[in-house]
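These figures come from a predicted structure and were not determined experimentally.
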Amino acid sequence: MGKEAEIITGLFEAMKVDDFSLITVTQIAQEADIGRKTFYRYFKNKEEVLERSVELLFMEYAAFEKNYFASDYETLLYYHFAFWRKYSKQLKLLYKNDLMFYAFRQYQNHVPKLNAAYIRQDKLSPNAAKYAKAFTTGIFWSILYTWVENGARETPTELAKICSDFLSH
């Protein structure tokens, strides 16, 4: 594990104990078993660590086409939640600390790009495509947020079925 990853892990370990607002760079460095100077070689502050951790999650998400391209919504939703289930502990910590907006910003940056294939298929005008991308982002974000808010209990299969059922009505 590289130093950047160790620092990110250190932040999430600290968040298991303390609220994000109370966590210090010293505490993150101690959790990562590094010095403060090393921390500052990689990051300016704890917010930058958090931003980078969420960015890395989305980069991983984008690396697997099955996470964002499928022939039907049920399959798409299944893969979407299968991915996020692996990171439910981190998402719960973000939620607990009222930091889900970090994930939302990455959703806004990445999901429209990932769903561009669907938008092109519909041959929408650029203005309509902008709103279609926002609509898609909103749906996926709202479902993810609600899932985390409710303790991330449902399996990807259960969530895909729930969503598929209400989409088909």
Checklist entry - Which residues pass the ring-ring contact (aromatic ring centres under 6.0 Å, His included) test with Phe101, sequence neighbours left out? => result none
Checklist entry - Under 3.5 Å, side chain of Asp19 to main-chain N/O of Ser21, donor-acceptor pair present? => result no
Item to check | From Trp141, Trp147, Phe140, residue fulfilling ring-ring contact (aromatic ring centres under 6.0 Å, His included) relative to His80 | outcome: Phe140
Checklist entry - Taking atom CD of Gln90 and atom CZ of Phe12, what is their separation to the nearest 0.5 Å? => result 6.0 Å
Checklist entry - Among side-chain atoms of Tyr87 and Glu60, is any donor-acceptor pair under 3.5 angstrom? => result yes
Next on the checklist: Applying ring-ring contact (aromatic ring centres under 6.0 Å, His included) to Phe58 and Trp84, what does each step give before you reach the verdict?
Outcome noted: CA-CA 10 Å; Phe58 274 89; Trp84 288 112; 5.2 Å; yes
Next on the checklist: Nearest 0.5 angstrom please: Arg85 CZ to Leu159 CG, how far?
Outcome noted: 9.0 Å
Next on the checklist: Ring-plane angle category for Tyr61 and Phe83, please: parallel below 30°, perpendicular beyond 60°, tilted otherwise.
Outcome noted: perpendicular
Next on the checklist: Could you measure the distance from the CD1 atom of Ile8 to the NZ atom of Lys3? Nearest 0.5 Å is fine.
Outcome noted: 13.5 Å
Item to check | Aromatic Phe20 / basic Lys46 pairing, under 6.0 angstrom, 45° off normal | outcome: yes
Checklist entry - Hey, any chance Tyr95 and Val17 share a hydrophobic cluster, counting ILVMFWY side chains that come within less than 4.5 Å of each other, even indirectly? => result no
Next on the checklist: Just so I know, are the side chains of Leu99 and Tyr102 near enough to count as touching, which here means a heavy-atom distance under 4.5 Å?
Outcome noted: yes
Item to check | side chain to side chain contact (heavy atoms under 4.5 Å, CB included) between Ile143 and Phe81, intermediate numbers included | outcome: CA-CA 10 Å; Ile143 295 168; Phe81 286 104; 3.1 Å; yes
Checklist entry - Under a 4.5 Å side-chain heavy-atom rule over Ile, Leu, Val, Met, Phe, Trp and Tyr, are Leu77 and Phe135 clustered together? => result yes
Next on the checklist: Looking at Lys86, I want to see if its NZ is surrounded by more than 12 non-hydrogen atoms of other residues, nucleotides or ligands under 6.0 Å.
Outcome noted: yes
Next on the checklist: How long is the straight-line distance from CD of Glu13 back to CG of Leu93, given to the nearest 0.5 Å?
Outcome noted: 9.0 Å
Next on the checklist: What I want to find out is whether Glu158 reaches Lys161 closely enough, with some N-O distance under 4.0 Å, to be called a salt bridge.
Outcome noted: no
Next on the checklist: Please report the interatomic distance CD1(Ile7) to CD1(Ile28), rounded to the nearest 0.5 Å.
Outcome noted: 8.5 Å
Would you be so kind as to tabulate the donor-acceptor pairs closer than 3.5 Å made by side chains of residues 49-56, with sequence neighbours excluded?
residue	atom	partner	partner atom	Å
Arg52	NE	Glu4	OE1	3.4
Arg52	NE	Glu4	OE2	3.1
Arg52	NH1	Glu55	OE1	3.3
Ser53	OG	Leu50	O	2.7

Pair up each side-chain donor or acceptor in residues 31-39 with any protein partner under 3.5 Å, not counting sequence neighbours, and list the distances.
residue	atom	partner	partner atom	Å
Arg36	NH1	Thr26	OG1	2.9

Checklist entry - If you round to the nearest 0.5 Å, how far is CG of Leu91 from NZ of Lys96? => result 14.0 Å
Next on the checklist: Do Leu22 and Val25 land in one hydrophobic cluster if side-chain heavy atoms of ILVMFWY residues count as linked below 4.5 Å?
Outcome noted: no
